[in-house]
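These values consider heavy atoms only, across backbone and side chains, with no hydrogens, waters or symmetry-generated copies. Along the sequence shown, the residues carry numbers beginning at 1.
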Amino acid sequence: MDEFSIRFLHHTVTVSSADNGQYIVSYDETVNDVVVPLVLGVIYPKEDIELGIRWITDDDLSDELVQLLGEMIRDRGM
């Protein structure tokens, strides 16, 4: 499984590839001194006739974050 992490101000977000061409976006949250992985959502590429490849999510992730992570996935050749 390919994955990478990116550090934001308060959390490190991890993107992991799934078998079906989708990517799982998660981060670790510490609850009562126990680290718990929380899934933020799933992103996947979708071809748009006018815009080319766009990254899509069915979850509550901002479009800016989804596009940024999609570019990072593409740059890493995942």
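- Among all heavy-atom pairs drawn from V42 and D59, the shortest one is N-OD2, 2.8 Å.
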Pair up each side-chain donor or acceptor in residues 69-78 with any protein partner under 3.5 Å, not counting sequence neighbours, and list the distances.
none

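- One hydrophobic cluster, built from ILVMFWY side chains closer than 4.5 Å, cannot hold both Y27 and I24; they sit in different ones.
- Considering all non-hydrogen atoms of both residues, I53 and P45 come closest at CG2-CB, 3.8 Å.
- With rounding to the nearest 0.5 Å, the separation of OG1 in T57 from CD in Q22 is 9.0 Å.
- To the nearest 0.5 Å, atoms CD1 (I43) and CG (L68) are separated by 9.0 Å.
- Taken to the nearest 0.5 Å, the NE2 atom of H11 stands 8.5 Å off from the CG atom of L40.
- The stretch residues 25-37 participates, sequence neighbours left out, in no salt bridge (Lys or Arg N to Asp or Glu O under 4.0 Å) pair at all.
- Both V36 and F8 are assigned to one and the same hydrophobic cluster, defined by single-linkage of ILVMFWY side chains at heavy-atom distances under 4.5 Å.
- Legend: ring pair (Phe, Tyr, Trp, His ring centres under 6.0 Å) pairs involving residues 33-78, not counting sequence neighbours, sorted by first then second residue: Y23-W55.
- A single hydrophobic cluster is not seen to contain both V31 and V39; linkage of ILVMFWY side chains at heavy-atom distances under 4.5 Å, directly or through other members, places them apart.
- T14 is linked by a side chain to side chain contact (heavy atoms under 4.5 Å, CB included) to E3, S5, S16, S26, counting only residues two or more places apart in sequence or in another chain.
- Take S62 and apply the side chain to side chain contact (heavy atoms under 4.5 Å, CB included) test, not counting sequence neighbours, and it matches E64, L65.
- Residue pairs meeting the ring pair (Phe, Tyr, Trp, His ring centres under 6.0 Å) criterion with at least one partner in residues 57-78, sequence neighbours excluded, are absent.
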